[in-house]
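Chain identifiers are assigned alphabetically (A, B, ...) following the order of the sequence lines, protein sequences preceding nucleic acid strands; residue numbering begins at 1 within each chain.
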Amino acid sequence: MLDLKYIRANMEAVRTALGNRGQAALLAGFEELESTRRTLLAEVEDLRRQRNEVSGTIATMKREGQDASGLMEDMKAVSSKIKDLETGLHEKEATLNDLLMRVPNIPHESVPVGKDEHDNVEVKKNGVPTVFNYEPSAHWTIGEGLGILDFERAARITGSRFPLYLGDGALMERALINFMLNTHTLKHGYKEVLPPFMVNKKTMTGTGQLPKFEEDLFKIEGWEYYLIPTAEVPVTNIHADEILDEEDLPIYYTAFTPCFRSEAGSHGKDTRGLIRQHQFNKVEMVKFSHPDTSYDELEGMLQNAETILQELDLPYRVLNLCTGDMGFSAAKTYDLEVWMPEQGVYREISSCSNCEDFQARRANIRFKSKGKKGATHVHTLNGSGLAVGRTLAAILENYQQPDGSVVIPEVLRPFMGGREVIEK
RNA sequence: GGAGAGAUGGCCGAGUCGGCUGAAGGCGCUCGCCUGCUAAGCGAGUAUGGGGGUUACACUCCAUCAUGGGUUCGAAUCCCAUUCUCUCCGCCA
């Protein structure tokens, strides 16, 4: 959520920023709404002040044994007037709040202006696309060939877009999770957390999934609970409604969770394989940062994600997402894309964002400096480190061999009984 | 699921028969004093959000004692609903 005062003071800048995101019309009617709201508020407050004063007088009179029935009668009218005005005020406030909750974050100045994914800017390329002297197979072909992935049976159990890992597939998924978590906790200084996989409405609103993107979520019938689409949601909300100590910042958390996404609107996209699933595993990084250093923290987080890809020796590139392609809550986002040999393209495997105070304002996460009055919103950052299913897919494709076997990346071998290859 | 207890400021904790209680007291924190160091001591200050106001302060008003309603001239205090926490019983991985 943007700061109401900021919007008021910087209307044109906000309009431009929203325009760059392709949402120019979002704030139509804002100014009128806000000014009537303020007029109403002033009226209500004035009446309340009157009532407070006179109620004090009544108290004194009664104490002194005087008759205050006249004043009480007057105040009865005032109170009912207040109630009427308040009804109108609450309506305006609700409308305004709803509008505000649907306005995306303002892009950072270093974000390229652009319309869609074609305008993203590649900032780095690491490794070279794996070379094959034959036509490389898709990871689902390899996985099904080895008997470690079974999409048909998964569909029977649940439906399309669910994974079933078997044997070494399940083992490698688990190895990846352990490898990623170990790297982030032991080498990068993150604290491991294991959060709930279902969250309530308030939590979903705190990070920005609600109210605007309900159709992307799985909701539990009969409950106001949702399955998390990413660990960012529960982990960022760990400190909701808290005031942190400045010296505790930055705080680093990493979490492994499954993620659940309805993938509404992606019918026909990536229908095969592990790329686009209703349920997938992810290791997430979350930071709570001092506003002054959040962009350094973003660079650090990006490196933490890159480290995983480097250690796995997978070719990848880094994109600076343009204004039109960024997520709702982000002020700046780097995407990491891994090389997928069968399709011959780079595919997103991580997304690292600085949300600045956008989520912190929604979730009410602040910090206090020693000796200073007041509390300031922290900056929140989140990034995948990495999407596990897609990582496994990338390994299958990049490490495949002509005979259908797959070499196990060296860093994973300690987690897989020291073995070097998965074969039938 | 059954029975009960509770939810107050950064934290702990008091709030009598509804009326200067935005809220005692303590801790913590900040500033100052004092003590040749440390500890202790003394004094003052210290919630959040919003409106108005100011170059910025000052100042001023409103709201907030889990949340939402209600009663009342007036509610942290009374009533109702909801949520959460805790204790006991039952059930269960």
Side-chain angles (χ1 to χ4, degrees), chain A residues 1-10 30-101 194-206 210 220 222-226 234 237-249 251 288 290 357-358 360-378:
Chain A
M1 181 162 61
L2 302 180
D3 182 17
L4 187 59
K5 277 191 253 179
Y6 176 85
I7 299 179
R8 239 160 31 207
N10 302 279
F30 167 84
E31 278 151 309
E32 198 197 327
L33 189 61
E34 167 63 358
S35 92
T36 39
R37 188 201 125 239
R38 279 207 279 174
T39 310
L40 270 168
L41 182 64
E43 282 181 58
V44 168
E45 286 193 347
D46 189 55
L47 288 174
R48 286 205 279 233
R49 182 184 51 74
Q50 265 183 53
R51 186 179 64 186
N52 288 345
E53 278 173 17
V54 177
S55 288
T57 311
I58 293 172
T60 315
M61 287 172 75
K62 286 199 139 184
R63 212 175 299 127
E64 292 168 358
Q66 300 177 47
D67 175 36
S69 55
L71 286 180
M72 282 165 67
E73 205 53 41
D74 292 349
M75 286 308 103
K76 197 166 201 161
V78 171
S79 273
S80 101
K81 181 83 198 284
I82 289 175
K83 200 156 283 178
D84 286 351
L85 288 174
E86 274 176 344
T87 308
L89 179 64
H90 289 155
E91 257 169 53
K92 293 289 171 200
E93 280 173 344
T95 312
L96 186 69
N97 192 50
D98 190 62
L99 178 65
L100 237 41
M101 288 305 246
L194 183 57
F197 302 159
M198 287 184 209
V199 301
N200 59 31
K201 206 165 206 164
K202 177 173 179 286
T203 298
M204 277 296 184
T205 307
L210 290 178
I220 307 300
W223 297 71
E224 284 297 297
Y225 292 166
Y226 299 82
N237 279 283
I238 285 175
H239 294 299
D241 296 316
E242 287 185 23
I243 297 177
L244 305 165
D245 281 336
E246 184 176 30
E247 56 247 53
D248 292 337
L249 300 177
I251 297 172
F288 299 83
H290 193 288
D357 62 5
F358 186 85
R361 186 170 293 111
R362 288 173 163 249
N364 193 25
I365 310 168
R366 294 168 298 170
F367 72 93
K368 201 175 162 140
S369 317
K370 250 193 161 65
K372 261 203 220 159
K373 273 192 75 170
T376 313
H377 291 110
V378 300

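The side chain of A:Asn52 sits closest to B:A63 out of B:G50, B:A63, B:G74. When distances run from any side-chain atom of A:Glu45 to the nucleotides B:G50, B:U71, B:G74, the shortest one goes to B:G50. Comparing atom distances between the A:Ile243 side chain and each of B:G74, B:G10, B:G52 picks out B:G10 as nearest. Side-chain proximity of A:Arg38 to the nucleotides B:G19, B:C73, B:G52 is greatest for B:G52. Residue A:Leu41 has its side chain nearest to B:G51 when only B:C73, B:G19, B:G51 are considered. Distances were taken from every side-chain heavy atom of A:Tyr225 (C-beta onward) to each of B:C84, B:C73, B:U48; the shortest belongs to B:C84.
Residue-environment remark: CZ (A:Phe197) exceeds the threshold of 12 foreign heavy atoms within 6.0 Å.
In this structure, A:Arg49 does not reach the B:G74 phosphate: none of its side-chain N or O atoms is under 4.0 Å from OP1 or OP2. Under 4.0 angstrom from either OP1 or OP2 of B:G19 there lies no side-chain N or O belonging to A:Thr60.
A:Thr376 contributes atom OG1, which lies 11.5 Å from atom CG of A:Leu244 (distance to the nearest 0.5 angstrom).
Distance alone, capped at 3.5 Å, is enough to place a donor-acceptor pair between the A:Arg361 side chain and the A:Met1 backbone. Using a distance-only test at 3.5 Å, with no hydrogens or angles considered, a donor-acceptor pair links the side chain of A:Arg362 to the main chain of A:Thr205. Side-chain N or O atoms of A:Asp245 include none that pairs as donor or acceptor with a backbone N or O of A:Glu247 at under 3.5 Å.
With both ends at atom P, the span from B:A47 to B:G41 equals 23 Å, rounded to whole Å. On the P atoms, B:G32 is 15 Å away from B:U38, given to the nearest whole Å. Comparing the P positions of B:C65 and B:G10 gives an interatomic distance of 13 Å, to the nearest angstrom. Atom name C1', nucleotides B:G15 and B:U8: the rounded distance is 9 Å, in whole Å. Rounded to the nearest Å, the gap between the C1' atom of B:C34 and that of B:A40 is 11 Å. B:U64 and B:A56: their P atoms are spaced 29 Å apart (whole Å). Comparing the same atom, C1', in B:A14 and in B:G22 gives a spacing of 15 Å after rounding to whole Å. Between B:U48 and B:G9, the distance separating the two C1' atoms is 9 Å to the nearest Å.
Between A:Arg37 and A:Arg48, the residue whose closest nucleotide on RNA chain B is further toward the 5' end is A:Arg37. Comparing A:Arg51 and A:Asp3 against RNA chain B, the residue whose closest nucleotide sits nearer the 5' end is A:Asp3.
Taking a pair to require two hydrogen-bonding distances under 3.5 Å in either a Watson-Crick or a G-U wobble arrangement, B:G41 pairs with B:C33. Base pairing analysis places B:C59 opposite B:G52; the two distances defining the Watson-Crick or G-U wobble pair are each below 3.5 Å.
Residue contacts shown for A:Lys83 are limited to sugar-phosphate atoms, with no base heavy atom under 4.0 Å away. Among the protein residues, A:Arg361 comes within range of no part of the nucleic acid, since none of its heavy atoms lies under 4.0 Å from any strand. When heavy atoms are screened at a 4.0 angstrom cut-off, A:Met72 is found touching base atoms of the nucleic acid.
Here A:Arg49 does not pair with A:Glu45 in a salt bridge; the nearest charged N to carboxylate O distance is not below 4.0 Å.
Between A:Lys5 atom NZ and B:G50 atom C1' the separation is 8 Å, expressed in whole Å.
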